[in-house]
Amino acid sequence: MSLEVIKNGNPFGAHRVIEPRDVLPQPAQKIDNNLSRIWDNELLIDVQFLNIDSASFTQIKNDVGADDEKIKARILEIVGDRGKMHNPVTGSGGMLIGTVNTVGEKLKETCPLKEGDRIVSLVSLSLTPLAIEEILEVKKETDQVKVKAKAVLFENSLYAKLPEDMPETLALAVLDVCGAPAQTARLVKQGDTTVIIGAGGKSGILCAWEAKRRAGVTGRIIGVEYSDAGVASLKALGICDDVVKLDASDALTCYDTISTLTDGKLADVIINCVNIENTELASIMMCRDKGVVYFFSMATSFTKAALGAEGIGKDVDMIIGNGYTAGHAEIALNVVRESNDIRKMYEKLYV
């Protein structure tokens with residue numbers, strides 16, 4: 001079947017929005033995922049893997065259980081209803097690995113990609129038109145889904161060519177969270193005391209490595225983990241100066257522990273990487289006045305963070321996790337290039 005090509009698409013993808021009108025694809029309730037046609041400023045991608053956002057995948061598993069077929073059915077239901085993998089509960093999506101099928105005529109003038117290139121999307125699935133023909137496999141332990149599908153990236157969409165020095169699923173896992181270590185690199189300064197909540201997770205490990213590099217020998221990195229296994233694996237890596245077992249939803253215990261560790265000074269920077277709700281106050285309370293709290297987690301509630309800080313009279317700068325920072329892909333990939341221990345851990349989990 002020949003591919004219909006339409007001219008003059010909006011660079012931000014607004015031409016794909018069905019409901020409500022006059023919004024962009026991310027906040028839209030439904031977008032057009034008819035991929036038998038593309039606009040001349042779109043990239044048509046043959047999709048092999050979806051990396052579902054951790055908060056979204058956790059919510060789906062908690063809702064339908066661990067059965068693969070039920071997880072598949074829920075993903076297909078969401079994509080069928082919305083035209084994209086945009087979890088209506090968490091509001092988050094994920095990213096994809098695929099092969100460039102078609103480069104729109106208008107994009108050929110400026111786009112470095114060609115048909116057959118292997119890429120990772122660096123924009124959320126919550127704004128990406130997606131049509132799934134079949135879900136081939138669900139990898140619950142890594143939040144990855146093997147699919148036969150097609151997707152569209154818009155003129156202004158971000159992507160990265162797959163690196164040649166690592167397996168595809170490893171690159172996907174790293175690039176899925178590449179905004180977090182890049183923001184960490186921007187926020188952590190020489191000598192800072194930094195707390196990483198969820199430091200043993202996929203994004204947390206990369207943040208801890210980057211924080212250690214930026215804080216230097218005069219800085220201090222405190223890794224917070226919930227499980228005994230997470231604490232053990234984090235200690236084995238040797239990235240953090242201190243590793244503590246804490247429930248990040250227990251704000252008072254978190255505050256007492258970090259206050260004791262720092263002789264009451266608290267942390268200069270808090271990086272929150274966990275995928276559960278109700279960790280806003282713990283993050284804020286562990287931070288000193290005039291310090292910085294970075295919420296990378298998509299489970300974060302802006303309302304709880306803002307009103308919580310106000311309620312306890314805490315003067316901190318709060319940053320909502322932006323998945324994009326200039327150079328974020330290379331910063332994250334370089335962590336697994338530089339640390340053999342982190343690479344081995346990631347390969348064990350994701351390859």
Flag side-chain contact, heavy atom, 4.5 Å: L50 against Q144: no

D32/R16 under salt bridge (Lys or Arg N to Asp or Glu O under 4.0 Å): CA gap, chis, key distance, verdict: CA-CA 5 Å; D32 176 6; R16 287 273 182 182; 3.7 Å; yes

Heavy-atom check, side chain of I75 versus side chain of I135, under 4.5 Å: yes

NZ/NE/NH1/NH2 to OD/OE distance under 4.0 Å, K72 and E69: yes

From OG (S259) to CG (L252), nearest 0.5 Å: 12.0 Å

Presence of salt bridge, K148 and E133, under 4.0 angstrom: yes

Shortest non-hydrogen separation from F12 to F154 and the atoms involved: O-CD1, 3.8 Å

Stepwise salt bridge (Lys or Arg N to Asp or Glu O under 4.0 Å) check, K212 with D241: CA-CA 9 Å; K212 186 67 174 175; D241 299 291; 2.7 Å; yes

Aromatic plane relationship, W39 with H15 - under 30° parallel, 30 to 60° tilted, over 60° perpendicular: tilted

Note, R288 side chain near V316 side chain (heavy atom, < 4.5 Å): no

Lys/Arg-Asp/Glu bridge criterion (N-O < 4.0 Å) met for K114, D117: yes

Any side-chain donor near an acceptor of the partner, T253 and D250, under 3.5 Å: yes

Side-chain heavy atoms of V123 within contact of M95, under 4.5 Å: no

K314 atom NZ, neighbour heavy-atom count above 12 within 6.0 Å: yes

Polar contact flag, side-chain donor to acceptor under 3.5 angstrom, R343-N340: no

Check ion pair R74-D63 (N to O, under 4.0 angstrom): yes

E141 atom CD, neighbour heavy-atom count above 12 within 6.0 Å: yes

Worked check of side-chain contact (heavy atoms from CB on, under 4.5 Å) between V224 and I196: CA-CA 6 Å; V224 171; I196 314 287; over 6 Å; no

A248 to A282 - nearest heavy-atom pair and separation: O-CB, 3.1 Å

Residues E77, K70: salt bridge by 4.0 Å N-O rule: no

Donor on one side chain, acceptor on other, Q59 and N87, under 3.5 Å: yes

From OG1 (T218) to CG (D192), nearest 0.5 Å: 8.5 Å

Which atom of D143 lies closest to which atom of S54, heavy atoms considered: OD2-CA, 3.6 Å

Distance-only side-chain donor-acceptor flag, E210 / T184, under 3.5 Å: no

K139 side chain reached by V145 side chain, heavy atoms, under 4.5 Å: no

Transitive ILVMFWY side-chain link L127 to V147, under 4.5 Å: yes

Hydrophobic cluster identity match, Y226 and I276, side-chain contacts under 4.5 Å: no

Polar contact flag, side-chain donor to acceptor under 3.5 angstrom, N278-K304: yes

Side chains of T194 and D268, donor plus acceptor under 3.5 Å: no

Residues E338 and R213 bridged, charged N to O under 4.0 Å: yes

Euclidean distance, L96 CG relative to L172 CG, rounded to 0.5 Å: 8.0 Å

Atom NZ of K265 with >12 non-hydrogen neighbours under 6.0 angstrom: no

Reported CG-to-NZ distance for the pair N41 and K108, which is rounded to 0.5 angstrom: 13.5 Å

Residues, nucleotides or ligands: over 12 heavy atoms within 6.0 Å of D22 CG: no

Shortest non-hydrogen contact between A180 and S203, atoms and distance: CB-CB, 4.2 Å

Donor + acceptor pair across side chains of D46, T99 (<3.5 Å): no

Single-linkage hydrophobic cluster, 4.5 Å side-chain cutoff, I271 and I222 together: no

Minimum side-chain heavy-atom gap S301-E280 below 4.5 Å: yes

Presence of salt bridge, E168 and R118, under 4.0 angstrom: yes

Minimum side-chain heavy-atom gap V120-L162 below 4.5 Å: yes

Minimum-distance pair of heavy atoms, taken over all atoms of P181 and C207: N-SG, 3.8 Å

In one Ile/Leu/Val/Met/Phe/Trp/Tyr side-chain cluster, 4.5 Å: V231, V195: no

Any side-chain heavy-atom pair of E155 and C111 under 4.5 Å: no

Option from L261, T257, I258 for which side chain to side chain contact (heavy atoms under 4.5 Å, CB included) with D242 holds: L261

Steps toward side-chain hydrogen bond (donor to acceptor under 3.5 Å, both in side chains) verdict (N272, T279): CA-CA 8 Å; N272 185 329; T279 64; 2.9 Å; yes

V23 vs V17, side-chain contact (heavy atoms from CB on, under 4.5 Å): CA-CA, chis, key distance, verdict: CA-CA 7 Å; V23 301; V17 173; 3.9 Å; yes

More than 12 heavy atoms from other groups under 6.0 Å of CD on Q26: yes

Spacing of D165 atom CG and L333 atom CG [to the nearest 0.5 Å]: 7.5 Å

Steps toward side-chain contact (heavy atoms from CB on, under 4.5 Å) verdict (L122, L175): CA-CA 7 Å; L122 298 180; L175 292 171; 4.1 Å; yes

Any donor-acceptor N or O pair under 3.5 Å, side chains D247, S249: yes

C287 to I270 - nearest heavy-atom pair and separation: CB-CG1, 3.6 Å

Nearest-0.5 Å distance that lies between atom OG1 in T102 and atom CG in L113: 12.5 Å

Pair R82, Q29: side-chain N/O donor-acceptor within cut-off below 3.5 Å: yes

Transitive ILVMFWY side-chain link M85 to L43, under 4.5 Å: yes

Residues N51, K202; criterion side-chain contact (heavy atoms from CB on, under 4.5 Å); working and verdict: CA-CA 12 Å; N51 201 105; K202 181 165 61 172; 3.3 Å; yes

